[in-house]
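Since the structure comes first, as structure tokens, the remarks are kept for the end.
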Protein chains: 2
Amino acid sequence: MPRAGAGGANLLALRSHNTALVLDLLRTAGAAGISRLELAERTGLTPQAVSKITARLRADGFVAEAGRRASTGGKPATALRLVPEAGLAVGLHLDRDELRAVLVDLTGAVRAEHRAPLDLGAGQDAVVEEAVRAARTLSDGWAPEAVLGVGAAVPGPLDHRSGVLHRVTGFPEWDGFPLRDVLARRLRLPVVVDKDTNAAALGLAVTGSGAESFAYLHLGTGLGAGLVFGGSVHRGARTGAGEFGHQVVQMDGPPCGCGGRGCIEALCLAAVERGDLEGAARTLGVGAANLVALLDIDLVLLGGRTVARAPEPFVRGVREVVGARASWDVPVRIAAGGVAEGAAQLLLAPVFGRGVG
Amino acid sequence: MPRAGAGGANLLALRSHNTALVLDLLRTAGAAGISRLELAERTGLTPQAVSKITARLRADGFVAEAGRRASTGGKPATALRLVPEAGLAVGLHLDRDELRAVLVDLTGAVRAEHRAPLDLGAGQDAVVEEAVRAARTLSDGWAPEAVLGVGAAVPGPLDHRSGVLHRVTGFPEWDGFPLRDVLARRLRLPVVVDKDTNAAALGLAVTGSGAESFAYLHLGTGLGAGLVFGGSVHRGARTGAGEFGHQVVQMDGPPCGCGGRGCIEALCLAAVERGDLEGAARTLGVGAANLVALLDIDLVLLGGRTVARAPEPFVRGVREVVGARASWDVPVRIAAGGVAEGAAQLLLAPVFGRGVG
DNA sequence: TGCACTTTGGCAACAGCGTTGCGAAAGTGG
DNA sequence: CCACTTTCGCAACGCTGTTGCCAAAGTGCA
């Protein structure tokens, strides 16, 4: 049961918990579906409880029958599947120079997409206007009650609980801007705001990275991380977790813009600039290995523009360093999935009991 | 609701959850007690639900009345308090050269203590014998049904789920030893095994560090950490989390026994050996600052023999480095509370809904 | 072809959870 | 003395998952 908030749980909380659990299994099962009995086994609930829950979900339009399974010697099981368009969410990625927006359904599939150049420094009104227009365009034509809300991913730092931005690196005019409330008022929809790296990590966690806990390392104009423990994103009290770029790995190293010396970001980006991708990858690897050892992590995923331009050397370099340090097998892969998709999961994930934390 | 295990929750799970919540508030309230109405407000449950829960707890002997509060204009509230000796647990700290054992009650108070020299290299039988004797001596004379079990803290690495030790540093003969099951069979009591740093961190988390998430850094013959996020210990899938000593903070630094270069432990202990406590503290501080930034941590606690011998310079040095790096206020203090006390909490904490994870 | 058997899943009655409505107990204050 | 407030228990209630039972729909053997 939840430790968040007051914590007292009543029958309604019990029901939503079990319902979310069932929905999560239905989502994982995909279009092939899953039988009631299998749901019962996987959740630990009795078959009859599952029957009641799925009956409610069918009445509400979230679940439909998906044909019959082959018999195993008795009455063949009827498979149940999620109705993808019963729940939709808009995901916005407000990057420094681009806006990407997607409409994602319950299964995590992208149903519509929108892309436009953006200048985060062009003023709050212009940026908000662009975001509102994108969200409206994408959700237009769908059943209004199916649209659960809008998730917005921003470079950070920010506070994900209040949805207020802080001193976005390079754009101080955003400091204190209540992005969540402004968007919510304009769109008349629930809005959730989070750091870009956290959104990306959430997306990867939900759409099946295959690991319970992993680190997503994002190397673009800067270097950040999204941390997932036990299937949920670790944000910390100030949404500050994942400050990976300014981890010191060279105590007496060159000074960094942050005031410290020998930060990974500075070392890594300097190596990239002088064309030494292998050096950059090894430095990234040292940081990744620190993180893997400290947090007992199962998987490392790499993303971001700089990595996307040359995936091979980064994966190889990080894999080598991490492999030499960790005593268990830690796969290192390129992350499949964008930031905007993850932002949409800020609204979709709670449906499946994967809270915003 | 819990994401652990299958996850399906029934009415019994609901009840234990709410009961644990109430017990946790009663524990925090201490001997002064807390009224039913305040329990209701704090948990979010209705007063009537709290009345039912506390009635059960009183019938079971876990709770007793603790006098009356002053009236605030109506019927004065009756305060309820935890009965400390209704639940007891033995905590064992099997260190490399010493055994410390305590008997702890529900409030976290130590009711009996035992200390003896120990040689982890003296063979499994001798060590187990010593541990069994200590546990029996401490729990002797108390109501058998009140003794919840035995928690054992060991240097690690190990697997806390199965309670099997791995290659304890310096004592390879313990590799694969099923400590939990061996002790449980001998003592006929539930036994939980964990790393010493995790046990210490759990103890600090339960007995009120005042912070939701903190790092406990233990500098003794080695350097390790216990990580607490949102009130519960982060262990990772392999009980490997907290591997703080071999974080690399000097990529081209001196080689360490682990095969890496520039590990904090090597740098720190080398500085201690040459009498440079300030240097050791600053190195420790760099690692602590990395950790604070990466995980968005509220508090840093220092412990272990090396720190205990000279607390001042360590606290000062770490505080300086962390203060310079973090943008929020991160207190740095000496940890109050031993490893054995924390080990006992491995059994006591679940009573209050603070799971082993 | 028929019948025993297995497996799936719904219906109805049930126990137990927190909730609601109401009233008793025990103070304060005019 | 009495109106009022606050605390808290009793009883009825709604809703949860559970249990017992049975119908539906297959397989497999005689």
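Just so it is clear, the model here is predicted, and its values are computed rather than measured. Order of the sequence lines sets the chain letters (A, B, ...), proteins ahead of strands, with each chain counted from 1.
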Specify the residue among B:T19 and A:P76 whose closest nucleotide of DNA chain C lies further upstream toward the 5′ end. A:P76
d([atom1], [X]; [atom2], [N]) in whole Å:
{"X": "A:I53", "N": "D:dC15", "atom1": "CD1", "atom2": "P", "result": "16 Å"}
{"X": "A:E38", "N": "C:dG9", "atom1": "CD", "atom2": "P", "result": "11 Å"}
{"X": "A:L45", "N": "C:dG9", "atom1": "CG", "atom2": "C1'", "result": "16 Å"}
{"X": "A:K52", "N": "D:dT18", "atom1": "NZ", "atom2": "C1'", "result": "8 Å"}
{"X": "B:E65", "N": "C:dA26", "atom1": "CD", "atom2": "P", "result": "12 Å"}
{"X": "B:R58", "N": "D:dG9", "atom1": "CZ", "atom2": "C1'", "result": "11 Å"}

Identify, residue by residue, the members of residues 29-37 of chain B with a heavy atom below 4.0 Å from DNA chain D, and return them in order of residue number, or none. B:R36, B:L37
Side-chain N or O of [X] less than 4.0 angstrom from OP1 or OP2 on [N]?
{"X": "B:S51", "N": "D:dG9", "answer": "yes"}
{"X": "A:N18", "N": "D:dG17", "answer": "yes"}
{"X": "B:T72", "N": "C:dT28", "answer": "no"}

With heavy-atom distances below 4.5 Å as the criterion, would you say the side chains of B:D194 and B:R235 are in contact? yes
Flag side-chain contact, heavy atom, 4.5 Å: B:L25 against B:E38: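 Not in contact.
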Is a side-chain donor-acceptor pair under 3.5 Å present for B:R161 with B:T239? no
On DNA chain D, nearest-nucleotide positions of A:K75 versus A:P47: which is more 5'? A:P47
Side chain of [X], heavy atoms from C-beta onward: which of [options] has the nearest atom to it?
{"X": "A:L11", "options": "C:dT19, C:dC17, D:dG17", "value": "C:dC17"}
{"X": "B:L14", "options": "D:dG17, C:dC17, C:dT20", "value": "C:dC17"}
{"X": "A:R56", "options": "C:dC17, C:dT19, D:dG17", "value": "D:dG17"}
{"X": "A:R15", "options": "D:dT16, C:dG18, C:dG9", "value": "D:dT16"}

B:A344 to B:A89 - nearest heavy-atom pair and separation: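 Residues B:A344 and B:A89, closest heavy atoms: O-CB, 3.6 Å.
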Any donor-acceptor N/O pair under 3.5 Å between D:dC8 base and B:Q48 side chain: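 Answer no: no donor N or O sits under 3.5 Å from an acceptor.
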I need the single residue from A:L82, A:L88, A:L23 that forms a side chain to side chain contact (heavy atoms under 4.5 Å, CB included) with A:L106. Which is it? A:L82
For the pair A:F229 and B:F229, name the ring-plane relationship: parallel under 30°, tilted 30 to 60°, perpendicular over 60°. parallel
B:D60 side chain vs B:F62 backbone, donor-acceptor pair below 3.5 Å: no
Check every strand shown and say whether B:R68 touches a base, only sugar-phosphate, or nothing at a heavy-atom separation below 4.0 Å. sugar-phosphate
